[in-house]
Amino acid sequence: MALRANGMELGLASSVATTDAILRALAAVRTREELAGLMDEITHELGFRHYALVHHADLRGNPVGRVRLTDYPAIIEARLIDEGMWRRDPVIRGCIYARQAFCWSDLPGLMELNRDDRESFAQGAKFGLQEGITVPCLALGEPNGSCTFAGSIAPERAAHRLGMAHMIGIFAFQAARRVLNATAQPPAPRKRLHPRPRDCVVLAGRGFSNKEIARALHLTPRTVDGYLRDARNLLDAHDRTQLVISALLAGEVGLDEVQRSQPA
């Protein structure tokens, strides 16, 4: 694939054309090797030295169903993955708070950095990872993930690549999920909760006891017991916690609904 880019000085038309070419190329890759080669080319076209496509999970041993495709310096990859230090990595932690692509230098505005975080950045800088752009990637029912372009050749200009990196990162992670067989299982036929059982599940998700649910919905406790039992049977859930999670994953209940502290 020939990408028509001009360093860090892309105009609007050429930026759109370049991004379109990249997205089409990502949609067309079929093997891990093709994706790795394409990511290497994209990374350098964007003005970076390294990339990482990863699920935020324990990736030791390359577990099935998880994305792990990076060209980070070996010592950095060993620390994050083989030594299991990914949970302490400030960039991975930053994905929890970010709603879009972010420059590493912007992390202090997203969360408070501690001494270990600053040491982590200092260690990365020794190996050329002085600035990067990370794109949070989410898929329902999977661990969080991200696409990162690291080691900016021109750190002061990294922010000019945020828009392109965001679009490319989302497509790149989806390509990795497809190529590495990390996509979620095809959804089963949708199971719909009737209104009253659904109301009971929502309040159960907020931490209400059956008696509290009955009082809030003007039902008897026995009726609430029956509604929740029916909901568990429908969603194949064995207990209250699994019921709420299953309802969320099935799209029958919204996360915002169970976060409210008082009944509707």
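Only heavy atoms go into these numbers, but all of them, side chains included; no hydrogens, no water, no symmetry mates.
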Report task. Taking the side chain as every heavy atom from C-beta outward, state whether Leu228 and Pro197 have any atom pair closer than 4.5 Å. Result -> no
Query - Ring centers of His44, Tyr51 separated by less than 6.0 Å - result: no
Query raised in the report: Between Leu255 and Val202, is there a shared hydrophobic cluster once you connect ILVMFWY residues whose side-chain heavy atoms come closer than 4.5 Å?
Result: yes
Query raised in the report: Are Asp199 and Leu203 side-chain neighbours, meaning at least one heavy-atom pair lies under 4.5 Å?
Result: no
Query raised in the report: So, Arg206 side chain and Glu257 main chain: donor-acceptor pair closer than 3.5 Å or not?
Result: yes
Report task. Test Asp239 against Arg232 for salt bridge (charged side-chain N to carboxylate O under 4.0 Å, His left out), laying out the working first. Result -> CA-CA 7 Å; Asp239 56 34; Arg232 287 196 301 272; over 6 Å; no
**Report entry** Spacing of CZ belonging to Phe121 relative to CD belonging to Gln130, to within rounding of 0.5 Å
**Finding:** 12.0 Å
**Report entry** Within 6.0 Å of CD1 in Ile75, more than 12 heavy atoms from elsewhere
**Finding:** no
**Report entry** Minimum heavy-atom distance between Leu53 and Val67, given as atom pair plus value
**Finding:** O-CG1, 3.2 Å
Query - Ion pair check, Glu77 and Arg68, cut-off under 4.0 Å - result: yes
Query raised in the report: Any ion pair linking Arg177 and Glu142 (charged N to carboxylate O, less than 4.0 Å)?
Result: yes
Query raised in the report: How about Leu26 and Ile22: do any of their side-chain heavy atoms sit closer than 4.5 Å?
Result: yes
Query raised in the report: Looking at side-chain heavy atoms only, is the closest gap between Ile168 and Phe149 below 4.5 Å?
Result: yes
Report task. Assess whether atom CZ of Arg88 is packed by more than 12 heavy atoms of other residues, nucleotides or ligands within 6.0 Å. Result -> no
Query raised in the report: How far does CD1 of Ile76 sit from CZ of Phe127, to the nearest 0.5 angstrom?
Result: 5.5 Å
Query raised in the report: Can you check whether Ala154's main-chain N or O pairs, donor with acceptor, with Ser152's side chain at less than 3.5 Å?
Result: yes
Query raised in the report: Would a distance-only check, ignoring hydrogens and angles, find a side-chain to backbone donor-acceptor pair under 3.5 Å from Arg118 to Leu113?
Result: yes
Query raised in the report: Side chain of Asp117, backbone of Asn114: donor and acceptor closer than 3.5 Å?
Result: yes
Query - Gap between atom CD1 of Ile81 and atom CG of Leu59 - 0.5 Å precision - result: 5.0 Å
Query raised in the report: In terms of hydrophobic clusters joined by side-chain contacts under 4.5 Å, are Phe48 and Leu129 together?
Result: no
**Report entry** Co-membership, hydrophobic cluster, residues Val29 and Leu23, 4.5 Å side-chain
**Finding:** yes
Query - Smallest separation among heavy atoms of Val244 and Val201, with atom names - result: CG2-O, 4.2 Å
Requested in this report: Find out whether Val91 and Trp104 are in side-chain contact, i.e. whether some heavy atom of one side chain is under 4.5 Å from a heavy atom of the other.
Outcome: yes
Query raised in the report: Is Ile133 reachable from Ile92 through a run of hydrophobic residues whose side-chain heavy atoms are each under 4.5 Å from the next?
Result: no
Query - Main-chain N/O of Leu80 paired to Glu83 side chain as donor or acceptor, under 3.5 Å - result: no
Report task. Work out which heavy atom in Ser146 is nearest to a heavy atom in Cys95; give both atom names and the distance. Result -> CB-SG, 4.0 Å
Query raised in the report: Does a donor on one side chain sit under 3.5 Å from an acceptor on the other, for Arg222 and Asn210?
Result: no
Query raised in the report: How about Leu217 and Cys200: do any of their side-chain heavy atoms sit closer than 4.5 Å?
Result: yes
Requested in this report: State whether a side-chain donor-acceptor pair under 3.5 Å links Glu131 with Ser105.
Outcome: yes
Requested in this report: Give, for atom CZ of Arg196 and atom CG of Asp230, the distance between the pair rounded to the nearest 0.5 Å.
Outcome: 14.5 Å
Query raised in the report: Do any N or O atoms from the side chain of Gln123 and from the backbone of Glu119 form a donor-acceptor pair under 3.5 angstrom?
Result: no
Query raised in the report: Counting only N and O atoms by type, is there a donor-acceptor contact under 3.5 Å from the side chain of Thr223 to the main-chain atoms of Leu219?
Result: no
Report task. For the residue pair His50 and Thr43, confirm or rule out a side-chain donor-acceptor distance under 3.5 Å. Result -> no
Query raised in the report: If you count the non-hydrogen atoms of other residues, nucleotides and ligands that lie under 6.0 Å from CZ in Arg30, is the total more than 12?
Result: yes
Requested in this report: Given side-chain contact (heavy atoms from CB on, under 4.5 Å), test Leu243 with Leu235 step by step and report yes or no.
Outcome: CA-CA 7 Å; Leu243 171 60; Leu235 296 174; 3.9 Å; yes
Requested in this report: Would you indicate whether the side-chain heavy atoms of Leu193 and Leu234 approach each other to under 4.5 Å?
Outcome: yes
**Report entry** Euclidean distance, Asp71 CG relative to Arg49 CZ, rounded to 0.5 Å
**Finding:** 12.0 Å
Query raised in the report: Is the Phe173 ring parallel, tilted or perpendicular to the His55 ring (thresholds 30°, 60°)?
Result: perpendicular
Query raised in the report: If you look at every heavy atom in Arg79 and Ser120, which pair is closest and at what distance?
Result: NH1-OG, 4.1 Å
Query raised in the report: Where do Val135 and Ala101 come nearest, in terms of heavy atoms and distance?
Result: CG2-CB, 3.9 Å
Query - Derivation and outcome, side-chain contact (heavy atoms from CB on, under 4.5 Å), residues Ile170 and Cys147 - result: CA-CA 7 Å; Ile170 296 296; Cys147 173; over 6 Å; no
Query raised in the report: At their closest point, which heavy atom of Arg93 faces which heavy atom of Arg87, and how far apart are they?
Result: CD-O, 4.2 Å
Report task. Give a yes or no on whether a salt bridge exists between Arg24 and Asp20, defined as a side-chain N under 4.0 angstrom from a carboxylate O. Result -> yes
Query raised in the report: Are Val54 and Val179 joined in one hydrophobic group, where the rule is that I, L, V, M, F, W and Y side chains link up if heavy atoms are under 4.5 Å apart?
Result: no
Query raised in the report: Can you check whether Leu107 reaches Leu110 side chain to side chain, under 4.5 Å on heavy atoms?
Result: yes
Query raised in the report: Can Arg198 and Glu252 be said to form a salt bridge (charged side-chain N to carboxylate O under 4.0 Å, His left out), step by step?
Result: CA-CA 8 Å; Arg198 181 187 178 282; Glu252 287 295 283; 5.7 Å; no
**Report entry** Gap separating the OG1 atom of Thr18 from the CE atom of Met164, nearest 0.5 angstrom
**Finding:** 5.5 Å
